[in-house]
Amino acid sequence: MMKTLYLCRQTQTPNSSFMTNPFFTERSYALQLDQNDPLAGFRQRFYIPENTIYMDGNSLGLLSTDAEKSLERVLNEWKTLGIKGWLEAKRPWFYFAEEIGEMAAEIVGARPGELIFTGTTTVNIHALISTFYQPSGKRTKILADELNFPSDIYALKGQIKMKGLDPSEELLLAPAPDGRTLNEQIIVDMMNKEVALVYLPSVLYAGGQMLDMEFLTREAHKRGIPIGFDCSHSAGAVPHHFSNWGVDFATFCSYKYLNGGPGCAAFLYINKKHFQKEPLMAGWFGYVKEKQFDMSLDFEHAHGAGGWQISSPGILGSSTMEGAMKVMLEAGIEPIREKSLKMTDYLIRLTKEILDKPPYDFSIATPLEPSRRGGHISLLHPTESLRINEALKARGIIPDFRSPDMIRIAPVALYNTFEEVWKVVQAFKEIVDQKEYEQFSKQRKAIS
Ligand SMILES: *Cc1c(COP(=O)(O)O)cnc(C)c1O
């Protein structure tokens with residue numbers, strides 16, 4: 001939405017005016033974007049590490065005062081209620097996973113009962129694949145891709161072995177012709193009669209490409225193949241419409257754009273057409289809720305995503321999600337996506353204008369079309385990505401680095417500003433101008 005301030009100087013929206021506005025490389029332009037940002041107020045509700053420009057919300061989102069309050073309340077409930085907290089806490093712990101699932105449903109387009117707040121991403125992958133991977137006859141293979149997150153691939157290989165099969169035969173990885181992006185048509189062409197299941201990421205963790213989940217789902221279903229997605233790198237930054245698209249199952253972590261905190265529980269989605277399927281990594285929290293405490297030895301699973309729960313929910317470590325989700329719902333996932341795209345667009349255009357030529361020579365690994373990118377942009381330097389990343393950190397800028405040469409920058413709609421994006425680009429420029437990176441070692445740290 002345009003404010004009058006804008007109309008004085010230009011006739012287009014900020015987003016489309018980059019090309020035509022000769023001042024877009026100036027700081028004042030960034031400040032103006034911030035002034036016109038309808039989500040600007042949300043930043044105050046987050047703890048921003050001191051003297052830091054935090055551009056790493058795609059790895060670990062920041063703490064909000066709302067999330068902090070939920071955690072404090074639950075800690076206090078444990079203190080004052082003891083075991084009674086399971087039913088008498090403000091949000092009874094016994095129903096916490098279901099209720100947070102209901103809260104989050106609108107950000108991924110889930111219907112009632114299809115989303116549960118449980119487990120962790122990799123555990124959920126195991127729980128889901130054990131149900132959805134049922135090799136039979138000639139259909140024995142899982143189709144994934146070679147740019148997938150390692151943990152997901154380890155889980156798929158383990159699941160194949162658990163069925164008594166050989167991962168080197170049964171796991172197909174769609175190739176990335178340029179080493180950084182996938183081509184949906186290549187993936188579709190690999191969906192042949194031997195494929196029992198397709199499992200893909202929504203947004204690639206390294207290069208930031210977003211796959212067309214609706215298209216892939218439609219194509220998989222045309223060939224009679226169930227399909228699931230890991231949405232860890234898109235949930236909270238991009239709206240999803242799982243149920244409308246017909247996605248069979250999905251999971252995503254809650255500590256990236258969802259700001260749940262390190263190790264917070266993840267989400268698990270099951271399309272309701274599969275509610276009767278059997279959760280094979282069965283546990284007592286997947287039991288029909290009203291009868292769980294009958295303690296029967298015959299497993300009767302809940303007909304809903306809740307049936308795929310395994311253990312007692314980690315109430316303390318996950319209570320933050322209640323407050324974090326409240327903030328996200330207040331802002332709304334559509335406005336969040338709109339601002340996120342505006343920020344990454346700004347970053348792309350500044351990069352192209354300032355950094356995409358000698359002596360800087362940066363390039364962008366992420367697809368430039370809005371519909372093909374998630375919330376982060378990956379920049380590459382031909383020789384010095386690792387040390388430039390270190391130099392950014394020494395300046396109080398937190399990006400992150402993914403081997404061998406990607407610097408990921410994630411401007412997060414809820415707490416980053418356009419001015420910060422502008423400052424990051426200036427920092428890239430100065431680090432190269434002054435050869436600041438030469439002070440740093442070429443050795444990689446354990447977590448970068
Ligand atoms: C962050 C992320 C994970 C993390 O898995 P955990 O089990 O939560 O440690 C897994 N897969 C993808 C694609 C991710 O982005």
Side-chain angles (χ1 to χ4, degrees), residues 55-62 97 100 104 107-108 116-130 142-159 171 173-174 176 180-182 187 198-211 213 216 227-238 240 242 247 249-269 281 308-311 313-314 317-318 320-321 324 340 365-366 373-378 399-403 406 408-410 412 446-448:
M55 290 282 164
D56 205 13
N58 60 324
S59 266
L60 181 65
L62 294 178
I100 300 293
I107 70 161
V108 291
I116 188 90
F117 179 52
T118 191
T120 50
T121 314
T122 310
V123 169
N124 289 349
I125 296 171
H126 279 291
L128 289 162
I129 302 293
S130 68
I142 298 180
L143 173 59
D145 67 276
E146 68 175 13
L147 299 180
N148 215 307
F149 196 84
S151 197
D152 297 43
I153 296 294
Y154 307 153
L156 295 179
K157 288 182 176 174
Q159 287 294 327
L171 183 60
L173 298 180
R180 305 190 195 284
T181 44
L182 296 170
I187 298 174
V198 180
Y199 187 66
L200 294 165
S202 53
V203 168
L204 302 185
Y205 78 97
Q209 175 190 9
M210 182 156 74
L211 297 178
M213 290 174 266
L216 290 163
I227 182 166
F229 291 95
D230 185 328
C231 298
S232 295
H233 263 82
S234 56
V238 181
H240 300 64
F242 288 155
V247 167
F249 64 95
T251 184
F252 48 92
C253 74
S254 62
Y255 47 79
K256 291 167 183 160
Y257 296 105
L258 292 175
N259 306 316
C264 187
F267 287 87
L268 180 151
Y269 168 89
M281 291 211 8
W308 275 260
Q309 293 176 92
I310 300 171
S311 293
S318 298
T320 42
M321 198 63 235
S340 161
T366 310
R373 61 180 207 260
H376 75 272
I377 297 292
S378 297
D400 70 7
F401 182 79
R402 284 295 174 268
S403 192
M406 293 196 215
R408 303 190 302 179
I409 304 288
V412 172
I447 295 181
S448 49

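Indexing begins at 1, ligand by ligand and atom by atom, following the structure's order.
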**Q** Determine whether the side chain, the backbone, both or neither of Asp152 has a heavy atom under 4.0 Å from any heavy atom of ligand 1.
**A** side chain

**Q** Between Asp230 and ligand 1, find which residue part has any heavy-atom pair under 4.0 Å and reply side chain, backbone, both or neither.
**A** side chain

**Q** Could you find the nearest protein heavy atom to atom 7 (O) of ligand 1 and give me its residue, atom name and distance?
**A** Thr122 OG1, 2.6 Å

**Q** For Ser59, which of His233, Arg408, Lys256 qualifies under side chain to side chain donor-acceptor pair (under 3.5 Å)?
**A** Arg408

**Q** Could you label the plane-to-plane angle of the Phe267 and Phe252 rings as parallel, tilted or perpendicular, counting under 30° as parallel and over 60° as perpendicular?
**A** parallel

**Q** Counting non-hydrogen protein atoms only, what is the nearest one to atom 3 (C) of ligand 1? Give residue, atom name and distance.
**A** Phe149 CE2, 3.5 Å

**Q** Assess whether side chain to side chain donor-acceptor pair (under 3.5 Å) is satisfied between Thr122 and Ser151, documenting all intermediate values.
**A** CA-CA 7 Å; Thr122 310; Ser151 197; 2.8 Å; yes

**Q** Can you find an N or O of Ser151 that's nearer than 3.5 Å to an N or O of ligand 1?
**A** no

**Q** What protein heavy atom sits nearest atom 9 (O) of ligand 1, and how far away is it?
**A** Tyr255 OH, 3.4 Å

**Q** Go through it in stages, so that I can follow the logic: the residues are His240 and Ser234, the test is side chain to side chain donor-acceptor pair (under 3.5 Å), and I'd like the CA-CA distance, side-chain angles, deciding distance and then a yes or no.
**A** CA-CA 9 Å; His240 300 64; Ser234 56; 2.7 Å; yes

**Q** Do ligand 1 and His233 have nitrogen or oxygen atoms that lie under 3.5 Å from each other?
**A** yes

**Q** Nearest protein heavy-atom contact for atom 2 (C) of ligand 1: which residue, which atom, what distance?
**A** Lys256 NZ, 2.4 Å

**Q** Keeping the roles fixed (side chain from Ser232, backbone from Cys253), state whether a donor-acceptor pair exists under 3.5 Å.
**A** yes

**Q** Does any N or O in the side chain of Gln209 come within less than 3.5 Å of the main-chain N or O of Arg180, such that one atom is a donor and the other an acceptor?
**A** no

